[in-house]
Each structure stands twice: as structure tokens, then as C-alpha cells.
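Quick notes on the structure that follows.
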Number of protein chains: 2
Amino acid sequence: MDDTSDQTAVPRYLGVKHMIQQRISSGDWTPGQRVPSENELVADLGLSRMTINRALRELANEGVLTRIQGLGTFVAEGKGHTSTFEVRNIADEIAERGHVHAAKVLVLDQMRATPELADALQIEIGAPAFHSLILHSENDIPVQLEDRFVNPMAAPDYLALDFSRETPNRYLSATIPWTDAEHTVEAVLPASWEAKLLAISRADPCLAIHRKTFAGSHVVSSARLLMPGSRYRISSRQKAG
Amino acid sequence: MDDTSDQTAVPRYLGVKHMIQQRISSGDWTPGQRVPSENELVADLGLSRMTINRALRELANEGVLTRIQGLGTFVAEGKGHTSTFEVRNIADEIAERGHVHAAKVLVLDQMRATPELADALQIEIGAPAFHSLILHSENDIPVQLEDRFVNPMAAPDYLALDFSRETPNRYLSATIPWTDAEHTVEAVLPASWEAKLLAISRADPCLAIHRKTFAGSHVVSSARLLMPGSRYRISSRQKAG
DNA sequence: ATACCATAGTTGTCTGTACAAGTGAACCGG
DNA sequence: CCGGTTCACTTGTACAGACAACTATGGTAT
């Protein structure tokens with residue numbers, strides 16, 4: 001019950017982590033400043049080096065500390081307070097609600113890259129690129145318009161797939177695991193043809209998520225997901241470290 | 001090149017992690033299935049238990065595995081493909097761009113909780129609550145309208161603070177570290193008074209972030225951040241594990 | 001003065017051992 | 001048949017020691 005007692009209800013490595021985080025949040029240790037070395041902490045706290053090491057390593061993984069071999073351990077710079085959101089595959093999300101997901105393939109063809117597209121996919125202007133336009137619906141109500149461009153080098157058989165059965169997202173992440181992803185979220189008004197497809201008014205605000213995935217230095221795919229603000233929202237719950 | 005070679009260029013615990021992730025992604029081990037115990041892996045791979053333990057523990061932290069003391073280690077369920085976003089403190093973000101951040105306090109007072117607010121803050125209807133309305137601007141252009149309600153029990157001195165110097169976000173997270181946070185992002189059209197304050201048209205779509213922070217089971221604060229879609233977007237870059 | 005080298009101190013990893021704590025099944029006594 | 005106990009097995013934590021890899025500094029030889 002009493003947490004200040006000496007009988008350690010909490011693991012020692014957690015105690016070390018808390019101590020360090022308190023020193024940082026209290027302003028005692030400032031960003032960029034060096035924190036005591038493992039051996040110093042071993043001597044100060046009377047714990048084994050493996051225990052100290054685990055505490056410091058986990059704090060480094062969490063972004064609280066920065067460790068440089070041969071140099072020392074430092075309080076990580078700023079990073080302020082960040083809140084994280086998670087965006088899931090739309091088909092999974094709908095299925096989890098117990099609703100019916102359907103995808104209508106509106107466009108699935110090959111095209112020549114426009115200057116902007118060539119820049120986005122990091123290919124030559126006029127080079128071939130795959131394009132798909134898919135309307136996702138939940139219980140027959142359209143909820144997402146997926147406009148996607150794919151690098152043919154990454155997925156040569158893209159045009160032969162049946163995306164009414166498996167979403168491009170799922171196919172791509174299963175066959176070409178990405179190493180990096182870039183996201184942008186913004187609020188926009190739909191173009192007239194987009195509003196028509198989503199069966200909303202042109203004045204209805206939409207969430208637009210732009211997602212670009214990389215495999216190494218190559219661009220795999222660039223997609224724009226447009227969702228009516230009245231029917232979709234991103235939610236998440238986060239625990240502090 | 002050959003990963004089965006004995007000259008370990010990569011640390012052994014990383015090799016174990018990769019081996020396990022490959023078994024999972026290849027479908028060899030399916031979600032929910034039990035993976036070999038630490039002792040079995042020790043015998044199979046000829047490594048020490050601490051090395052195996054580190055590999056399994058890190059994979060569990062990353063959400064790939066689920067470990068239950070006394071039972072075993074299991075492949076984590078689905079979780080599909082999630083993409084994460086990070087939303088930072090607006091003042092930090094503006095400062096990082098080298099621009100000037102200014103905050104204008106429009107409202108800062110005490111009020112009696114309406115039924116909805118009482119529900120949001122988990123207090124009694126009619127109980128006192130603090131309310132602040134702050135307009136954030138970047139180089140004199142309004143970029144965010146922050147409408148915040150604070151639980152007086154959590155921050156009794158809230159009304160005495162000068163939020164033109166320090167944002168409520170920074171003050172609250174410094175004095176009352178939250179343990180949980182709940183977020184929602186949606187696209188909306190601004191109310192007429194909101195459009196007026198942000199100096200935009202009522203037809204301009206906005207990003208609305210609703211953030212609710214908890215300290216234990218108590219609600220600390222509930223805030224709604226409204227940003228013109230034309231002037232703000234959330235971006236992030238993510239690395240795959 | 002410059003280039004090279006040795007060295008102390010740091011983090012990174014790995015091993016082997018030990019005990020604690022939790023789970024489930026087999027076992028035994030009533 | 002029921003209930004408690006014991007036992008094997010699991011993960012969680014902690015320790016002591018060792019070597020490797022890396023960094024900066026100072027000394028040394030040129």
C-alpha cells in the first residue's frame with residue numbers, strides 16, 4: 001500500500017527510470033545535459049550495472065534520453081509534448097464494428113506520370129504508373145474515397161488484382177513491407193466529382209489523409225484518402241510513459 | 001549477405017527478433033499461437049536466456065508478441081496496419097519554424113458546469129469549472145482557436161496565470177502530468193463566431209482536435225483545438241519496426 | 001607543428017546464475 | 001465428488017563478470 005516503503009513493490013529498474021524522469025521534469029537535469037554514467041549510477045544507487053543499463057536503455061528507446069557509445073548519456077532535446085494518433089486500415093475498422101465493408105473499383109489502369117506524380121513517386125515524367133480509384137462503403141454508405149498511385153517497379157502485378165476482395169493497403173503491406181511512411185492530415189472541401197461519389201454536399205468538410213510509403217529509398221505508393229467529416233473521425237487513446 | 005553465417009555482424013538478440021518476425025510474417029506462426037518458451041529457444045539457438053529474454057521482451061513492447069507470466073509467449077492478435085501521427089504543442093511548432101507565436105486570451109473565467117461539460121469533466125452539474133478561450137497566431141495570422149475547460153480540483157490556480165506567455169498545454173503538462181489522453185480528429189465547418197475570430201470564411205473547412213487528459217481516473221482538462229484547413233495540417237514521418 | 005598511438009572512460013552486448021511470481025495440471029485426502 | 005496441496009513450467013527481475021566497440025584526450029615520435 002505505502003509506496004515509500006523500502007520493501008520494493010516496484011521493480012528496481014522502474015524506480016531508476018522514475019527517478020531519472022523526475023530529475024528531468026523538475027528541471028534538475030536539462031535537455032542536452034549529461035547524466036551520470038552507468039558506473040556512477042551503479043556506485044550511487046548500489047544496483048548492478050545490468051539494472052541501470054536496462055533503465056537507461058528503455059528511457060533511450062522512449063526518446064527521453066540519448067545515448068552515444070563512448071561518450072555518455074544525455075537528456076534528449078525538447079520534443080515537447082506530442083500526442084500520437086493511430087489510423088487503421090478502413091476494412092479492419094469497419095469489420096471490427098460488425099458492419100459490412102464493400103469496395104467498388106472505379107478506376108484501375110496504367111497511365112503516364114504527370115510532372116507532379118513523377119515527383120511524388122520519384123520516377124521519370126511520362127514513365128508508366130498504376131492508378132486506382134476505389135470507393136469504400138460501410139453498410140452501403142460511402143465512407144472513404146481512395147485515390148492511389150503505385151510505382152510499377154514495386155508491384156508489377158497491381159493491375160491484375162481484385163480490390164473488391166482485398167484492399168490495396170492490405171495487399172501492398174503484405175507483399176512489399178514498407179520501411180518508411182509519410183502522412184499528412186488536413187481538412188478540405190471535396191471537389192464536385194468527389195462529393196458526388198461520396199454522396200455528400202460540396203460544402204461538407206472532409207478529412208484528407210495523404211499517405212506515402214517507402215521501401216528503402218524507393219517510393220512504393222502515394223495515396224489520398226478522402227473521408228466525409230460527418231461520417232469519419234480519427235480517435236485514439238494514449239497512455240503516458 | 002548470408003544471415004545464417006556464424007560471424008555475427010548483427011547483435012544476437014536482434015537476430016532472434018528478426019527470426020521471430022520472419023516466422024510471423026511468413027505465416028509460419030499465426031496470431032494467438034504460442035511461440036517456444038525462453039528455455040526452448042535457449043536450447044534451440046544455443047544462446048543465453050538473458051539474450052532470448054531481451055529479444056522477446058522488446059518484441060512484446062513493440063506489440064508483436066504478448067507475454068503472460070506463468071503461461072507463455074504468444075503472437076499478438078492482428079492489430080492490422082496502423083499508421084501513427086504526432087501532434088505537437090502549437091507554440092513549439094511555430095517556434096521551430098522560426099516564426100513568432102502569439103496568444104491572445106479572449107476568455108478566462110469561472111463558470112458553472114452545464115450537463116455536457118459536467119459529463120466531460122466528470123464533475124457535478126452546476127459545479128464550478130474553469131474556462132479559457134485563446135487565439136494562437138503565427139506571425140500575426142490566426143492559426144488556432146483553443147477552447148479549454150479545466151477541472152478546478154486539478155489546477156486551482158488556473159485563473160491567475162498569464163497564458164499569453166505560457167500556453168495552457170505547457171502549464172498543465174508541467175504541473176499535472178497526465179497519465180492518459182484521449183484524442184479525436186475531425187473535419188468541420190466553423191461556427192460564425194469561430195470563423196470571425198480566425199478571420200476565415202464560414203465555408204472554410206477546419207481541423208478540429210478534441211483532447212481530453214486524465215490524471216488517474218480524474219479528468220484534468222478537455223480542450224477543442226480548431227485550425228483552418230487552409231493554414232494547418234498534421235504531418236509525420238514514421239519508420240517501420 | 002603534425003601525425004600517430006596509447007589509454008581511460010563510456011556504452012553495447014553476452015553469458016551464467018539465482019530467486020520471485022504467476023499459471024495450470026496432477027495428486028492426494030477428506 | 002470436492003477441495004486443497006504440490007509440482008513443473010513459465011515469465012519477471014536482479015546480480016556479477018567479461019569482452020567488444022567507440023570517443024576524446026593526451027603523449028610520443030617524426
Side-chain angles (χ1 to χ4, degrees), chain A residues 1 3 5-21 23-24 29 31-77 241, chain B residues 3-21 23-24 29 31-77 241:
Chain A
M1 294 302 174
D3 49 343
S5 153
D6 53 347
Q7 47 182 346
T8 50
V10 297
R12 297 201 224 271
Y13 79 94
L14 274 184
V16 176
K17 286 180 69 175
H18 291 153
M19 181 273 285
I20 292 175
Q21 284 191 302
R23 294 286 181 92
I24 293 175
W29 292 347
Q33 181 178 338
R34 176 150 180 241
V35 312
S37 75
E38 294 190 354
N39 284 328
E40 287 170 329
L41 287 172
V42 164
D44 287 358
L45 305 177
L47 301 175
S48 112
R49 196 192 143 210
M50 284 306 296
T51 304
I52 302 292
N53 178 274
R54 177 169 178 184
L56 295 178
R57 175 159 34 90
E58 291 193 358
L59 284 175
N61 281 338
E62 293 164 17
V64 177
L65 299 178
T66 303
R67 315 198 75 194
I68 304 177
Q69 184 175 146
L71 253 184
T73 305
F74 307 85
V75 179
E77 299 289 343
Chain B
D3 50 343
T4 58
S5 155
D6 52 348
Q7 47 180 348
T8 48
V10 297
R12 297 203 226 274
Y13 79 95
L14 274 184
V16 176
K17 285 180 69 174
H18 291 152
M19 181 273 284
I20 292 175
Q21 284 190 304
R23 293 287 182 92
I24 294 175
W29 292 348
Q33 183 178 336
R34 177 152 180 239
V35 312
S37 75
E38 294 189 355
N39 284 328
E40 286 170 329
L41 287 172
V42 165
D44 287 359
L45 305 177
L47 300 176
S48 116
R49 197 195 141 208
M50 285 306 296
T51 304
I52 303 292
N53 178 275
R54 176 168 178 184
L56 294 178
R57 174 159 33 92
E58 291 194 357
L59 284 175
N61 281 338
E62 294 164 15
V64 177
L65 299 177
T66 304
R67 315 197 75 193
I68 304 177
Q69 185 175 148
L71 254 183
T73 304
F74 307 86
V75 179
E77 299 289 344

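Checked against side-chain hydrogen bond (donor to acceptor under 3.5 Å, both in side chains), B/Arg54 has the following partners two or more places apart in sequence or in another chain: B/Tyr13, B/Glu58. B/Gln69 meets the side-chain contact (heavy atoms from CB on, under 4.5 Å) test with no other residue; sequence neighbours excluded. The salt bridge (Lys or Arg N to Asp or Glu O under 4.0 Å) test applied to A/Arg34 returns no partner, not counting sequence neighbours.
Contact annotation: the side chain of B/Asn53 approaches that of B/Arg67 to within less than 4.5 Å [non-hydrogen atoms, C-beta and beyond].
Rounded to whole Å, atom C1' of D/dG12 lies 16 Å from atom CD1 of B/Ile52. In this entry the distance linking CD of B/Glu58 with P of C/dC14 reads 11 Å, nearest Å. Rounding to whole angstrom units, CZ of residue A/Arg57 and C1' of C/dC14 are separated by 12 Å. Across the protein-nucleic acid pair, B/Leu56 atom CG and D/dT10 atom C1' stand 12 Å apart, rounded to whole Å. In this structure, B/Phe74 places its CZ atom 12 Å from C1' of C/dG24, rounding to the nearest Å. Rounded to an integer number of Å, the gap from CG of B/Leu65 to C1' of D/dT11 is 13 Å. The CG atom of B/Asn53 sits 8 Å away from the P atom of D/dT13 (whole-angstrom rounding). In this structure, CG of A/Leu45 is placed 17 Å from C1' of D/dT13, rounded to the nearest angstrom.
Here the straight-line distance linking atom CD1 of B/Ile20 with atom NZ of B/Lys17 works out to 9.5 Å at 0.5 Å rounding. The distance from the CE atom of A/Met19 to the CD1 atom of A/Ile24 is 10.0 Å, given to the nearest 0.5 Å. Distance CZ/B/Phe74 to CG/B/Leu65: 10.5 Å, rounded to 0.5 Å.
Under a 3.5 Å cut-off, the side chain of A/Glu40 and the backbone N or O of A/Ser37 do form a donor-acceptor pair.
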Nucleotides 7-10 of chain C: which of its N/O atoms have a protein N/O under 3.5 Å away?
unit_1: C/dG9; atom_1: N2; unit_2: A/Gly70; atom_2: O; d: 3.2
unit_1: C/dT10; atom_1: O2; unit_2: A/Gly70; atom_2: N; d: 3.3

Can you check nucleotides 15-19 of chain D for protein contacts, nitrogen or oxygen pairs under 3.5 Å, and list what you find?
unit_1: D/dC15; atom_1: OP1; unit_2: A/Arg12; atom_2: NE; d: 3.4
unit_1: D/dC15; atom_1: OP2; unit_2: A/Ser48; atom_2: N; d: 3.2
unit_1: D/dC15; atom_1: OP2; unit_2: A/Thr51; atom_2: OG1; d: 2.6
unit_1: D/dA18; atom_1: N6; unit_2: A/Arg49; atom_2: NH1; d: 3.1

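Contact check, A/Tyr13 against D/dA14: no side-chain N or O comes under 4.0 Å of OP1 or OP2.
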Just distance, no hydrogens or angles: give the donor-acceptor pairs under 3.5 Å from side chains in residues 41-52 of chain B, sequence neighbours left out.
unit_1: B/Ser48; atom_1: OG; unit_2: B/Met50; atom_2: N; d: 3.1
unit_1: B/Arg49; atom_1: NE; unit_2: B/Glu38; atom_2: OE1; d: 2.4
unit_1: B/Arg49; atom_1: NH2; unit_2: B/Glu38; atom_2: OE1; d: 3.0

